[in-house]
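Side chains included, hydrogens not; waters and symmetry mates left out as well; all remaining heavy atoms used. To find a chain, count down the sequence lines: A is the first, B the second, and so on, and within it residues start at 1.
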Amino acid sequence: MNRRLGGWLSVGIGVGLVGVPVVVAVFGPLVPVRVEAGLPYASAGVLGTDGLGRDVLQLLLVGGRTALGMAIGAVVIAYLIGGLIGLVAASTRHRWLDEGLIRPLDVLLPLPSLLVISVVAVGWRASALAITLAVALVNVPTVTRLVRAAALDAASSPVVEALRMQRASWINIHLGYVGRSVLGPVAADLGTRITLAVFLVASVNFLGLGLSPTAPDWAVSISRNREGLLLQPWSVLAPALLLVSFTLGFNLLADRLLHHTRRRPVEATR
Amino acid sequence: GADGEAAAQPKNGGRLRAVYAGGGAKEVLDPHVQSLFVDIARHKATYEKLVELGPDLKPVGRLAEKWEHDGEATTWRFSLRDATFHDGGKLTSEDVLYSLARIADPAVPERVAQSSLATLDLRRSRTVDARTVELVLTAPNAEFPALLAGIGTQIVRDGFKDPTKPVGTGPFRFVSFEAGRSMIANRYDDYWDEPARIEELHILSADSEARANAVQGGQAEYANDMTATFARTASAGRTVRIVAAKASTMQAFVMKVDRPPFDNPDVRMAFKLLTDRQRLVDVVLAGRGEVGNDLFGKGYQYYPADLAQRERNVGEAKDLLRKAGLLNKEIEFLTADASAGFVESATLFAEQVAEAGVKLKVVPGSAQTYAKDLLTNGVIGNHRSGAMPIPQYVTDRLLTKSPFNVTHWRRAGFDAGFAAAQRLTDEGARSAKYGELQGTLRDEGGILAWGLPDYLVAVSATVQGVQAVPPNTLDSGRFDKVWLA
Amino acid sequence: MRTYAGQRAVLAVVQLGVLSVLVFVLTALLPGDAADMRFTETLTPDQVSRLRAELGLDQPLVSRFVDWFGDVVRGDLGTSLISGGPVVDIVKSSVGATLVLTLATLAVVVPLAVALGIVMGTRENGRLDRAITSVTLALSAIPDFVIAVLLVAVFSLKLGWLPATWIGGSLLASPVLLVLPVAVLLGRTVCLLSRQVRAGTITALHAEYVVQARRLGVPRRRLLLRHVLPNAAVPGVQELARTGDTLLGGVLVVEAIFAIPGFATALVDGVETRDVPVVQGLTLVLAVAALLLNLAADLLCNRLVPRTELLR
Amino acid sequence: MVVRVSGLGAFAGDAVLVDGVSFEVVVGEVTALVGASGSGKTTSALALLGEVGEGVRLEGRVEVGGEVVVDGNGVTGAAARVRGRVVAYMPQHPGSALNPARRIGTTLRELEGLHHRGESVVPGALRAAQLPGDRETLRRFPHQFSGGQRQRIALAQALTCRPKVLVLDEPSTGLDSITRLQLVHELRELTADGLGILLLSHDLDLVRALATRVVVLSAGRVIDSGGPDVLPEAPDLERSGTTATRHPLLQAMKLSASQRPRGRDPILHEIDLAVGPGACVGVVGRSGSGKTTLARCLAGLHERYTGRLFLDDEPLPILRKRSRTQNRRVQYVWQEVRGSFDERRPVDQQVARTAQRLRGLDPEPAHAEAVATLARLGVSAMTAARTPSRLSGGELQRAALARAVLAHPDVLICDEVTTALDDHGTALVVELLTELKDRGTALIWIGHDLGLVAAVSDHVLVIDAGRIVEQGPPATVMTEPHHELTRRLVRAASIGHPQSPPVLTLDTRSEPRR
Ligand SMILES: Nc1ncnc2c1ncn2[C@@H]1O[C@H](COP(=O)(O)OP(=O)(O)OP(=O)(O)O)[C@@H](O)[C@H]1O
Ligand SMILES: Nc1ncnc2c1ncn2[C@@H]1O[C@H](COP(=O)(O)OP(=O)(O)OP(=O)(O)O)[C@@H](O)[C@H]1O
Ligand SMILES: [Mg+2]
Ligand SMILES: [Mg+2]
């Protein structure tokens with residue numbers, strides 16, 4: 001009972017941690033706060049101003065969509081591409097197709113993601129879409145391998161044979177059973193991958209390769225205002241806290257999900 | 001002057017570590033290929049030029065003790081100082097001619113002074129005696145001494161081949177160098193001017209953030225080119241002092257005068273009137289600077305000091321824009337994170353222009369290729385310039401054949417007037433003519449100089465004798481006058 | 001085993017070949033070339049185009065690649081377009097610091113992550129598990145440079161205990177230089193690894209052979225160290241091999257903040273200045289390192305759990 | 001007396017798993033716990049180690065080697081002291097109880113060091129487990145042994161502890177009769193050396209062969225105890241075969257199969273097989289001889305084969321290419337049932353889906369039919385509504401059969417479908433299958449229990465190393481076997497009966513390597 005309660009508590013905390021930044025990101029831009037710009041790193045307003053004299057609170061409200069959107073978008077795209085390739089490679093009965101899908105990605109694995117991202121970022125300046133795609137791209141090979149490995153286990157299990165014996169549909173087998181079996185490893189991976197994506201987007205901005213340096217984006221704010229950290233800490237800490245809250249909450253939720261999907265019986269006691 | 005505490009007695013000895021913005025593999029030891037501040041600082045420590053620039057960007061003699069011309073400013077005679085190279089050899093006029101020839105070598109295109117010294121006729125130039133050299137120009141130029149003070153004009157030893165073994169006449173003797181990291185040099189005791197006070201000089205490379213940490217954390221005594229935000233942070237503590245050269249560089253927006261909508265002088269004037277310069281200075285420069293007046297070189301020789309400051313006038317600007325039919329139109333502003341404050345000022349400027357009903361869309365480009373891109377692309381962009389003599393600025397950027405004419409300001413009359421002024425040997429007359437040309441430029445040209453940033457250097461509390469002067473001048477980054485208290 | 005090694009070697013050669021073509025194309029796709037990068041308003045356009053011809057950048061892409069590749073096969077990485085020095089020297093001078101930094105980080109990370117992972121795994125969903133999870137996760141979610149700035153502000157500027165940068169310092173003379181950079185790099189890697197070890201520990205703890213070993217009277221300590229750990233380490237080791245890339249991202253930030261003249265800085269500099277031979281050389285070294293790392297990880301995993309399939 | 005269990009109870013929440021169980025284990029004797037699956041055998045045996053399942057509470061008193069392991073308050077601190085040293089447990093599936101990352105020598109020596117430091121007990125244990133004790137063997141990892149060898153390694157592990165009591169949980173599952181006979185002899189020798197054994201098994205023949213004391217459990221209670229005579233009589237399976245040879249319904253010609261691409265290392269060699277409607281073909285052979293592979297070829301699951309298959313004279317392709325009707329008409333029941341169920345869905349739904357997908361029934365009638373079929377097999381609706389992990393092995397095995405039956409197949413392939421069943425359960429299965437046969441369903445029956453095979457089938461194939469070595473009507477094959485292998489299988493099968501043959505020579509040829 002206690003355990004259960006603890007579980008729900010941690011789900012609650014997780015939802016809260018994810019919820020605050022997501023709500024701010026989604027509904028923030030709708031909040032009609034209009035503050036006259038002041039001087040850089042001044043303490044005017046609730047959270048002071050940033051390096052361009054803009055109100056930090058107002059920036060927080062408008063800066064979440066890109067910050068979270070790019071990271072989430074990148075992971076979603078990486079999973080759409082990598083997950084699909086992985087599932088197809090795992091479920092195909094043609095070895096050539098499997099090899100043809102996996103080997104090229106293997107070749108890409110040692111390609112430093114930094115290089116790819118800087119090239120894309122230099123090539124398509126300050127485009128949120130381009131950066132999202134680049135971050136997604138560097139994640140595709142690992143996601144593919146992960147999904148394929150997890151799906152291969154499931155796809156070669158007698159359950160799938162039994163389902164085929166019952167003439168279950170492709171969707172039923174691959175999205176229903178195999179997809180769900182992949183969910184555990186994916187949930188475990190998702191948390192860290194989102195964290196990495198958030199971090200990757202932030203470091204792209206840190207390097208000045210990302211969004212326009214004046215964009216009202218949380219990640220940009222963090223990297224651009226770090227110089228004024230000691231003058232006006234909130235300009236860095238407030239967006240950083242929101243990002244940390246998001247990734248932390250997300251990981252806690254993923255852990256819970258994992259906890260539920262993994263519970264396999266201990267064979268020996270039966 | 002020296003910063004208030006010059007009363008303390010200079011002391012000898014010690015090690016000074018100066019940090020500059022690094023250039024990685026781009027950093028060079030060849031004094032004729034320099035382009036970065038860190039290179040310039042290094043070369044200034046080990047080499048010298050014939051002429052340097054004073055705090056008002058006026059030429060002052062260094063290795064050249066004095067000079068005179070033939071009355072037409074075509075043939076120039078320079079008398080050399082009694083200086084010795086680090087290898088013990090005396091400075092002679094042969095060294096000077098060799099250095100100039102080395103700079104002009106067409107096989108090595110990256111020797112930077114090649115274009116500014118293009119009018120020097122080396123075949124007709126000659127040594128008069130061991131300490132006098134005669135340089136002949138293909139066209140008269142009263143500003144020739146200033147050209148010899150430009151970057152990449154250091155005097156090397158006759159026969160100098162291997163740049164990795166520097167031998168100069170400067171106050172420090174080369175010890176070691178690693179590109180992107182450090183150069184170490186020791187005091188040269190036979191320096192012709194007063195020998196340096198510090199014993200050992202390290203010139204190091206690091207990014208802005210690391211420079212700030214290093215000078216605050218006691219790992220460096222001198223940090224070049226600091227931000228206004230850092231100045232604010234540092235002013236809270238006692239360990240670091242900021243030496244600010246007031247209003248010594250320029251931040252501007254540049255409009256291409258041959259492309260719509262800026263081919264219309266009214267539009268250019270409207271934009272100049274729309275600019276809230278004070279706000280730009282307060283925010284982008286964090287108050288560390290002065291408002292600009294659409295001209296380069298405030299406080300320098302030949303700057304027309306009597307011009308009134310341009311004030312913001314949105315109403316008048318709107319009238320002009322309406323006349324030009326530009327209201328509610330969108331214009332792209334090409335910017336890049338190539339230099340501090342570029343994107344910020346563009347963003348802020350877009351807000352200011354929007355007040356008059358013109359939409360300025362800020363489009364960021366590649367930081368590394370920005371300078372080149374802006375020459376050919378876009379209609380309006382960012383521009384910044386370090387300190388240099390006004391005639392040189394004009395030669396580089398505002399003549400029909402100027403290599404860096406980013407505003408596309410190409411007027412035959414202006415070219416002719418400038419050529420005529422350069423030929424005037426009387427300084428007063430020259431100054432008047434320059435003033436006239438600059439007046440035209442301010443009202444009709446494409447340069448919208450909105451701010452004159454201070455040049456900020458951070459030094460440890462122990463460092464004395466650092467001069468608050470514009471970069472590229474004699475006393476900037478000059479470590480032979482500095483001592484550690 | 002022999003065929004496996006052979007397959008791996010062939011794959012590695014193909015990977016390196018494809019990779020260098022890819023890197024060459026990627027850098028060629030970037031706007032501007034090395035000559036343009038010298039255009040800092042000190043060289044005139046005319047000088048720049050003469051420079052371009054001199055550097056051979058006006059040659060077609062394919063012939064440039066063929067030249068470069070021919071040299072590499074002969075063991076010559078070429079010369080830098082920017083400094084004119086041999087690429088080998090640039091690689092050599094930049095590799096050292098980063099290598100020391102990474103190794104020092106790993107030397108701290110691995111034991112720490114293993115210890116934390118086991119502690120968390122054995123107390124699955126207990127209070128301690130949640131506490132460690134939250135702390136490591138939070139640490140890993142804070143951007144590197146925020147941690148770096150805070151650490152420097154406290155330990156270097158306020159307390160003056162540790163040097164703030166590597167400027168002018170030498171690692172041999174003062175190993176304390178490593179403390180702050182390693183501390184910054186620690187957070188994320190420890191989090192990633194310890195979570196993998198935790199998951200591995202939990203799986204292993206539920207595995208029947210562990211249950212059976214306990215039934216046969218193997219004491220708890222021994223059970224954890226000898227039976228659980230080797231199996232739990234497998235995902236961790238594989239993660240470690242994959243962490244290399246992540247670590248490099250962090251290393252870059254750390255190098256910038258602490259002015260460490262390292263590998264990541266050289267790579268980004270190379271990209272920014274379009275110094276193709278340098279980028280190629282560095283990527284090649286990096287790729288070889290990554291391949292070796294992965295191979296080592298696979299072999300280690302195979303040693304730890306011999307049943308682990310090698311290639312497929 | 002090394003073990004004394006009195007009034008043992010095990011409770012999970014409101015559920016009573018074991019109630020008031022008492023028994024003893026005596027030095028040099030075998031005590032057997034028998035009873036239907038789910039009757040609490042494993043739970044009771046694990047109490048000897050002080051081990052309980054998650055959320056399970058123990059009561060009563062368990063004394064092992066003089067230590068009180070369980071008392072009124074549950075497991076005591078003494079439990080840790082008896083594990084290994086006093087009582088060693090060999091689990092139901094010993095294969096997965098071996099650490100894949102450790103050489104067997106390392107594991108064995110570790111146990112030696114823990115329990116008998118300084119003595120050399122490993123060689124003895126290996127000898128008792130019929131394993132070679134050379135360095136080469138000890139340096140191998142578990143995956144480098146065959147299934148039967150792995151079972152003996154697990155035994156050697158338990159023996160290395162030199163316990164006073166050995167607990168064996170279903171040691172004969174999946175063993176062919178020859179291997180099983182070897183096991184009997186090994187265990188007899190151990191008891192002769194003074195070991196007390198607690199044997200948990202469905203295999204009453206094995207119990208008869210070994211046990212001197214028998215405790216019969218039912219629903220967690222002891223319903224009978226005493227000598228082997230308390231064991232229920234083996235139900236007389238009524239012969240159900242029809243010998244009428246009709247035109248074959250399913251036919252396989254020159255079937256060869258392999259696990260590797262391009263037919264390398266074939267597992268089956270040119271098998272010919274035919275089964276008519278209402279007939280049953282039995283397939284027997286040693287473990288690893290290729291029975292499952294043959295079944296999977298027929299079911300269309302194994303795709304690497306050559307040769308031809310016909311259903312009603314029409315070519316029968318692999319499963320992916322079969323039509324819905326062909327799919328429905330040929331059904332297969334897995335040997336490893338637990339793996340063939342989706343862990344996350346209730347069993348009854350999974351069973352009902354066959355009728356929905358293959359016969360187009362609506363969910364409700366399909367479910368009703370599933371529940372009815374399961375009930376016939378002795379699995380209650382309440383049990384079937386749980387997820388697979390909450391069913392015992394025997395219940396799940398019957399659910400797998402029901403899943404196939406719901407297709408109303410014309411050919412039903414049963415791969416060792418009664419291994420986890422007690423005699424009652426087996427009888428229910430046979431009853432259902434007989435009814436199907438009467439309706440014209442052809443059966444292919446794979447099993448190790450020769451008596452059962454003989455009772456069910458009309459024609460028996462004996463497979464060795466992928467080849468048919470003998471075939472004919474069951475009566476002939478079982479009574480007058482021609483082939484040496486058949487002879488040995490038949491002889492070894494009859495353990496635990498008065499006419500049980502003495503094994504003259506131990507089979508040195510161990511089962512094929514997996
Ligand atoms: N952890 C548990 N929680 C609740 N019920 C359990 C648990 N473990 C076992 N059971 C139930 O206890 C009963 C006895 O299980 P046990 O494993 O002892 O049976 P068994 O006699 O060994 O059966 P089998 O012959 O199938 O192995 C079964 O009905 C089972 O469902
Ligand atoms: N996936 C596999 N890879 C390689 N060999 C395999 C594989 N599956 C089975 N085999 C081998 O094929 C042979 C036949 O296996 P099969 O499962 O058909 O045996 P079986 O007669 O059903 O044995 P059992 O009575 O133990 O179920 C065995 O020797 C086995 O080792
Ligand atoms: Mg059991
Ligand atoms: Mg089988």
Side-chain angles (χ1 to χ4, degrees), chain A residues 1-7 88 90-99 150-187 257-270, chain D residues 37-38 42-43 46 51-54 56 89 91-94 96-97 169 261 296 299-303 318-320 322-324 327-328 330-345 350-351 353-358 387-393 396 400 403-404 406-407:
Chain A
M1 209 53 220
N2 215 346
R3 238 170 204 216
R4 234 217 156 109
L5 203 68
V88 169
S91 61
T92 183
R93 341 211 90 247
H94 303 291
R95 207 184 152 88
W96 58 264
L97 183 58
D98 183 14
E99 297 273 316
L152 211 55
D153 265 356
S156 60
S157 82
V159 179
V160 169
E161 291 186 345
L163 286 171
R164 289 203 287 130
M165 205 79 212
Q166 288 180 321
R167 219 175 176 79
S169 63
W170 192 92
I171 293 200
N172 215 319
I173 294 176
H174 288 103
L175 298 185
Y177 177 73
V178 178
R180 221 163 34 149
S181 312
V182 170
L183 227 59
V186 166
L257 181 61
L258 199 63
H259 189 64
H260 283 297
T261 52
R262 194 183 13 80
R263 276 275 150 255
R264 284 277 171 90
V266 183
E267 280 287 330
T269 57
R270 195 156 297 101
Chain D
S37 102
T42 303
T43 307
L46 283 175
E51 186 176 321
V52 285
E54 219 180 285
V56 176
Y89 178 85
Q92 224 161 341
H93 308 286
S96 50
D169 199 347
R296 289 169 54 83
L301 292 167
H302 189 97
E303 298 182 358
I318 55 171
L319 180 65
R320 279 183 299 130
R322 289 184 188 174
S323 69
R324 179 184 294 264
N327 197 163
R328 180 188 67 71
V330 181
Q331 285 286 311
Y332 174 62
V333 185
W334 271 260
Q335 180 176 8
E336 306 224 328
V337 267
R338 202 169 280 285
S340 73
F341 278 95
D342 184 347
E343 285 288 350
R344 301 184 198 83
R345 291 158 53 91
Q350 299 191 48
V351 172
R353 182 155 54 182
T354 307
Q356 280 169 254
R357 300 282 319 176
L358 291 174
T387 52
S389 66
R390 290 157 172 263
L391 264 63
S392 82
L396 211 54
R403 180 172 59 182
L406 243 64

Novice: Heavy-atom distance under 4.5 Å to chain A: side chain of D/Tyr332, backbone, both or neither?
Specialist: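 Contact with chain A: backbone and side chain both.
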Novice: Sequence neighbours left out, what passes side-chain hydrogen bond (donor to acceptor under 3.5 Å, both in side chains) with D/Arg296? Give chain and number order.
Specialist: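 Checked D/Arg296 against side-chain hydrogen bond (donor to acceptor under 3.5 Å, both in side chains); matches are A/Glu161.
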Novice: Chain A heavy atoms under 4.5 Å from D/Gln350: which part of the residue, side chain, backbone, both or neither?
Specialist: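 The answer is the backbone of D/Gln350.
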Novice: Show the nearest heavy-atom pair for residues D/Ser340 and A/Ala162, with the distance to one decimal.
Specialist: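 Nearest heavy atoms, D/Ser340 then A/Ala162: O-CB, 3.5 Å.
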Novice: Which heavy-atom pair separates D/Leu358 from A/Met165 by the least distance, and what is that distance?
Specialist: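 Here D/Leu358 and A/Met165 meet closest at CD1-O, 3.6 Å.
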Novice: Using modelled atom types only, decide if a donor and an acceptor are shared between the side chain of D/Arg357 and the backbone of A/Arg167 within a distance under 3.5 Å.
Specialist: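 Yes, because the side chain of D/Arg357 sits within donor-acceptor range (under 3.5 Å) of the backbone of A/Arg167.
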Novice: Assess the residue pair D/Arg403 and A/Gln166 against the criterion (side-chain contact (heavy atoms from CB on, under 4.5 Å)); give the C-alpha distance rounded to whole Å, side-chain angles, the decisive distance to 0.1 Å, and a yes or no.
Specialist: CA-CA 9 Å; D/Arg403 180 172 59 182; A/Gln166 288 180 321; 3.5 Å; yes
Novice: Give me the atom names and distance for the closest heavy-atom approach of A/Val159 to D/Phe341.
Specialist: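 Looks like CG2-O, 3.4 Å.
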Novice: Under 4.5 Å from any heavy atom of chain A, what part of D/Ala299 do you find: side chain, backbone, both or neither?
Specialist: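 When you check distances to chain A, atoms from both the backbone and side chain of D/Ala299 fall under 4.5 Å.
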